[in-house]
Amino acid sequence: MQKKTEGICFAISAGICWGSMGVAAQVLMEDSGFTVGDLVAGRLLGAGVLLLMFEHFFMRRSLLKYFSQPGVAKDIPLYGVLVLLTQLTFFLAIQCSNAGTAAILAATIPVFTTIWDIFVKHRAPQIREMACTALAIIAVVLITTKGDFDSVSLSLTGVLWGLASSVAGAASNIQPNAVLKKIPVTVVVGGGMTVGGIVMSIFFRRGRLKPIGRRSRRFSTPISLWSEPWFFSCSMFQVSR
């Protein structure tokens, strides 16, 4: 019962962080000229390094010991690429539509996770899983059509990027199951984010940033950075239980 309660709390925390970081990202892109590449590279690299520093200096854990274990050197970079794809497509969805649309489309992650369980694990979904999936689909339809089924009121490109983010997000929740049994959650998340941030830093083109306004500096930048490790840590805590 305690684990179930903790899982629910982590799920709620992850949802709050995911929604708030989307709003913060939209403010930074609209008010301060941040590009999608700026945000993804800076957030992943910054959050990943912060988590690894926390593990090394405060938790006194040997990162080299964890990363040298068999399979970890392969699983963490793969997880990092999936996190990178999740973030990149999520922010492209925000750029093409808005933060609210992108966040609601992210609610379809359980849909793709359930599909994986059915066709790969050959596990029949439970009634509550089917109910959650149905609610997610209904939410996506309503936000896309605004109740008017004669015309789609949102950018098709934004919707497709949002769904792509959900697919990548589901994959990033499924892929690290094996490595989570070997090393702590925060090491997996921190290592994956660092790898994703490095990859993005190599390939993206920097935008021309405007001076960050007081509103953006005080609220959006810290939320955009600190919500990142907390969201993915909460997500992985759920998976590891």
Side-chain angles (χ1 to χ4, degrees), residues 1-23 75 78-79 82-83 85-87 89-91 93-94 97-149 152-154 158-186 188-189 192-193 227-241:
M1 185 65 182
Q2 183 179 358
K3 286 187 176 182
K4 183 178 180 180
T5 303
E6 290 177 357
I8 293 173
C9 292
F10 283 131
I12 293 173
S13 298
I16 292 172
C17 289
W18 189 258
S20 61
M21 76 176 180
V23 175
D75 289 336
L78 178 56
Y79 171 68
L82 291 173
V83 171
L85 292 175
T86 304
Q87 290 287 292
T89 50
F90 181 72
F91 286 125
I94 293 176
S97 53
N98 55 63
T101 301
I104 291 177
L105 287 170
T108 59
I109 289 178
V111 176
F112 298 107
T113 305
T114 301
I115 292 173
W116 170 272
D117 286 340
I118 293 173
F119 289 100
V120 178
K121 292 186 176 180
H122 305 289
R123 182 180 69 85
Q126 299 179 1
I127 294 178
R128 59 184 178 182
E129 291 176 334
M130 295 175 64
C132 290
T133 300
L135 290 174
I137 294 174
I138 291 171
V140 171
V141 171
L142 290 177
I143 193 64
T144 302
T145 63
K146 292 185 178 179
D148 182 8
F149 296 96
V152 177
S153 56
L154 295 179
V159 172
L160 292 177
W161 280 126
L163 292 175
S165 178
S166 295
V167 173
S172 68
N173 284 338
I174 295 168
Q175 183 270 335
N177 279 334
V179 74
L180 285 172
K181 298 176 182 178
K182 303 176 183 178
I183 62 179
V185 171
T186 45
V188 175
V189 175
M193 286 183 173
S227 62
E228 182 86 356
W230 183 248
F231 165 75
F232 280 99
S233 295
C234 287
S235 299
M236 289 301 101
F237 270 121
Q238 297 173 63
V239 172
S240 64
R241 290 183 176 275

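Note that the coordinates shown come from a computational prediction; the quantities given were computed from them, not determined experimentally.
Atom CG of L163 is separated from atom CD1 of I109 by 11.0 Å, given to the nearest 0.5 angstrom.
M193 has its side chain within reach of V189: a pair of non-hydrogen atoms, C-beta onward, lies under 4.5 Å apart.
Minimum heavy-atom separation, Y79 to G192: CD2-CA, 3.8 Å. Across every non-hydrogen atom of S165 and T86, the tightest pair is OG-O, 3.0 Å. Looking at every heavy atom in both residues, S97 comes nearest to G158 through OG-CA, 4.3 Å. Of all heavy-atom pairs spanning D75 and Q175, the tightest one is O-NE2, 3.2 Å. Taking every heavy atom of both residues into account, F112 and S166 meet most closely at CE1-CB, 3.7 Å.
Checked by atom type and distance alone, the side chain of N177 pairs as donor or acceptor with a backbone atom of I174 at under 3.5 Å.
Applying the side chain to side chain donor-acceptor pair (under 3.5 Å) test between D117 and each of H122, R123, Q126 identifies R123 as the sole match.
Qualifying side chain to side chain donor-acceptor pair (under 3.5 Å) partners for T89, counting only residues two or more places apart in sequence or in other chains: none.
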